[in-house]
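As structure tokens, the structure follows; a few thoughts come after it.
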Amino acid sequence: MRPEINTSEYQNLALAHAGMDVWTVTLNRPQKRNALDLATIEELVTFFTVAPRAGVRAVVLSGSGDHFCAGLDLIEHHGADRSPADFMHVCMRWHEAFNKMEYGGVPIIAALHGAVVGGGLELASAAHIRVMDETAYVALPEGQRGLFTGGGATIRVTDMIGKARTIDMMLTGRVYRGQEAVDLGFAQYLVAGSSLELALELARKAAENLPLSNFAICSGVSHMQNMSGLDAAYAEAVLAGVVNTQPDARERLAAFADKSAARVRPGS
Ligand code: 1HE
């Protein structure tokens with residue numbers, strides 16, 4: 001049976017259906033600059049566990065207030081006085097949430113503005129597309145706080161910008177923004193206006209694809225990055241075997257064959 005998204009279950013995330021089975025997921029603790037406490041991480045786990053089976057065709061992830069996300073809730077962490085094992089388990093819940101995002105098969109577009117820092121950058125890195133506005137900036141200030149990244153920066157930020165730049169950010173607290181951030185690979189789009197607006201447009205575009213194609217794109221590419229070239233080629237062939245013969249694709253292929261389908265042109 002298809003599970004439902006029960007919006008009243010969520011306190012720290014604001015969920016809304018934006019049409020075409022596109023959902024907006026908004027970090028909703030602006031008074032805490034959307035810092036990620038354990039409760040918020042659990043809500044992310046819940047949503048991204050249910051979303052792939054609830055018919056969600058794309059997600060726009062954003063933050064309320066002036067900032068996307070200030071990372072780990074430092075006040076909660078300070079107050080909890082955690083043991084090494086406690087914090088290891090906290091990090092495992094972050095990984096649970098972010099892996100469900102990256103590998104879940106539902107396209108996630110992050111709309112970034114203001115601070116996207118520490119764990120906030122780790123969260124954004126688990127999305128499939130990132131859109132920055134002119135206020136957005138990224139940093140990994142853990143080193144300055146006496147901490148280390150625990151939500152996947154060593155993997156996903158390094159994938160985006162390379163090892164040397166990641167280490168520089170961690171050591172020096174370097175901040176990137178604007179075109180430079182896009183050129184380095186932090187985001188695929190920079191907008192003069194609202195990142196949310198473009199993210200929604202991109203999500204709707206992605207939602208027009210068949211869900212099985214999006215599943216392959218939004219889980220297959222990531223899985224294949226973790227494999228040897230030989231295994232990745234094998235897995236790609238198997239996945240394409242399933243996706244490229246799906247009955248729902250016949251109509252689209254027929255439209256290409258009878259010349260009624262749009263052609264690929266620059267600017268389309
Ligand atoms: C917070 C947090 C937080 C704000 N945890 N409460 N992340 C950082 O080191 C970033 C820390 N935050 C900042 O640098 C700034 O807050 C911002 C640049 C994001 C925003 O500045 P501003 O001037 O708008 O806000 P503010 O006055 O600093 O903070 C407003 C409130 O948000 C204040 O709470 P209040 O109750 O005193 O009003 C802050 O305490 C609260 N707040 N950021 C908790 N992060 C799995 S490991 C991941 C490791 C990390 O992510 S390390 C965290 C890195």
If every non-hydrogen atom of S125 is compared with every non-hydrogen atom of M160, which pair is closest and at what distance? OG-CE, 3.2 Å
Considering all heavy atoms of both residues, which atom of A111 and which atom of V60 are nearest to each other, and what is their separation? CB-CG1, 4.4 Å
Following the transitive rule for hydrophobic clusters with a side-chain heavy-atom cut-off under 4.5 Å over Ile, Leu, Val, Met, Phe, Trp and Tyr, establish whether L147 and L140 coincide in one cluster. yes
Would you give the length of the straight line joining atom CG of L36 to atom CD1 of I41, rounded to the nearest 0.5 angstrom? 4.5 Å
As a test of understanding, state which of V106, V59, L123 forms a side-chain contact (heavy atoms from CB on, under 4.5 Å) with M101. L123
Donor-acceptor under 3.5 Å (Q188 side chain, H128 main chain): yes
Looking at side-chain heavy atoms only, is the closest gap between R145 and L74 below 4.5 Å? yes
Hey, is CD on E251 packed in by over 12 heavy atoms from elsewhere, all under 6.0 Å? no
Is it the case that atom CD in E42 sees more than 12 heavy atoms from other parts of the structure closer than 6.0 Å? yes
For I161 and R165, which heavy atoms make the closest approach, and how far apart are they? O-NH1, 3.5 Å
Are F87 and L72 side-chain neighbours, meaning at least one heavy-atom pair lies under 4.5 Å? yes
Side chain to side chain contact (heavy atoms under 4.5 Å, CB included) assessment of D37 paired with R29: CA-CA 10 Å; D37 60 355; R29 297 204 311 150; 3.4 Å; yes
Separation between CE (M169) and CZ (R174), nearest 0.5 Å, reads 9.0 Å
For the ring pair Y137 and Y176, is the centre-to-centre distance below 6.0 Å? no
Same cluster or not: L202 versus I217, using hydrophobic residues (I, L, V, M, F, W, Y) connected whenever any side-chain heavy atoms lie under 4.5 Å apart? no
If you count every heavy atom of other residues, nucleotides or ligands that lies below 6.0 Å from R204 atom CZ, does the total exceed 12? yes
Can you check whether L13's main-chain N or O pairs, donor with acceptor, with E43's side chain at less than 3.5 Å? yes
Treating R57 as the side-chain partner and A207 as the backbone partner, does any N or O pair qualify as donor plus acceptor under 3.5 Å? yes
Polar side-chain atom of R33 near backbone of H67 as donor-acceptor pair, under 3.5 Å: no
Assess whether atom CD of E4 is packed by more than 12 heavy atoms of other residues, nucleotides or ligands within 6.0 Å. no
Which pair of heavy atoms, one from V243 and one from L212, lies closest together, and at what distance? CG2-O, 3.8 Å
For the residue pair R2 and R53, establish whether any side-chain heavy-atom pair is separated by less than 4.5 Å. no
If you look at every heavy atom in G65 and H113, which pair is closest and at what distance? O-NE2, 2.7 Å
So do the side chains of L112 and V131 get within less than 4.5 Å of each other, counting heavy atoms only? no
Any non-hydrogen side-chain atom of T154 less than 4.5 Å from a side-chain atom of M170? yes
Test side chain to side chain contact (heavy atoms under 4.5 Å, CB included) on R156 and F98; report intermediate values, then the result. CA-CA 10 Å; R156 295 191 182 93; F98 297 177; 3.6 Å; yes
Linking I/L/V/M/F/W/Y whenever their side-chain heavy atoms sit closer than 4.5 Å, directly or via other members, would F215 and F48 fall into one cluster? no
Following the transitive rule for hydrophobic clusters with a side-chain heavy-atom cut-off under 4.5 Å over Ile, Leu, Val, Met, Phe, Trp and Tyr, establish whether L61 and L200 coincide in one cluster. no
Distance-only donor-acceptor pairs under 3.5 Å for side chains of residues 20-28, two or more places apart:
from	atom 1	to	atom 2	distance (Å)
T24	OG1	A16	O	3.3
N28	OD1	S64	OG	3.2

Counting neighbours of CD on E197 that are heavy atoms of other residues, nucleotides or ligands and sit closer than 6.0 Å, is the number greater than 12? no
Supply the atom-to-atom distance M132 CE to F68 CZ, rounded to the nearest 0.5 angstrom. 10.5 Å
Using residues 114-122 as the side-chain source, report each donor-acceptor pair under 3.5 Å to any protein atom, sequence neighbours left out, with the distance given to one decimal.
from	atom 1	to	atom 2	distance (Å)
E122	OE1	G151	N	3.1
E122	OE2	G151	N	2.8
E122	OE2	G152	N	3.1
E122	OE2	A153	N	2.9

Could you give the distance from CG (D159) to CD (E102), rounded to the nearest 0.5 Å? 7.5 Å
May I ask you to test the Q11-T40 pair for a side-chain heavy-atom distance under 4.5 Å? no
With a 4.5 Å cut-off on side-chain heavy atoms, are R263 and F256 touching? yes
Give a yes or no on whether the backbone of T135 and the side-chain of R177 come within a donor-acceptor separation of less than 3.5 Å. no
Starting at NZ of K100, measure out to CD1 of I108 and round the result to the nearest 0.5 Å. 12.0 Å
Decide salt bridge (charged side-chain N to carboxylate O under 4.0 Å, His left out) for R252 and E208; before the verdict, give the C-alpha distance in whole Å, the side-chain angles of both, and the deciding distance to 0.1 Å. CA-CA 12 Å; R252 292 173 185 233; E208 287 172 8; over 6 Å; no
Relative to each other, are the rings of Y103 and H223 parallel, tilted or perpendicular (30° and 60° limits)? tilted
Spell out, yes or no, whether I167 and F148 are grouped together once hydrophobic residues are joined by side-chain heavy atoms under 4.5 Å, including indirect joins. no
Once rounded to the nearest 0.5 Å, what's the spacing between atom CD of Q246 and atom CG of L210? 4.5 Å
Between T172 and D168, do the side chains contain a donor N or O and an acceptor N or O under 3.5 Å apart? yes
Would you say the side chain of V175 lies within less than 4.5 Å of the side chain of V138, judging by non-hydrogen atoms? no
For A206 versus N214, what's the shortest heavy-atom pair and its separation? O-ND2, 2.8 Å
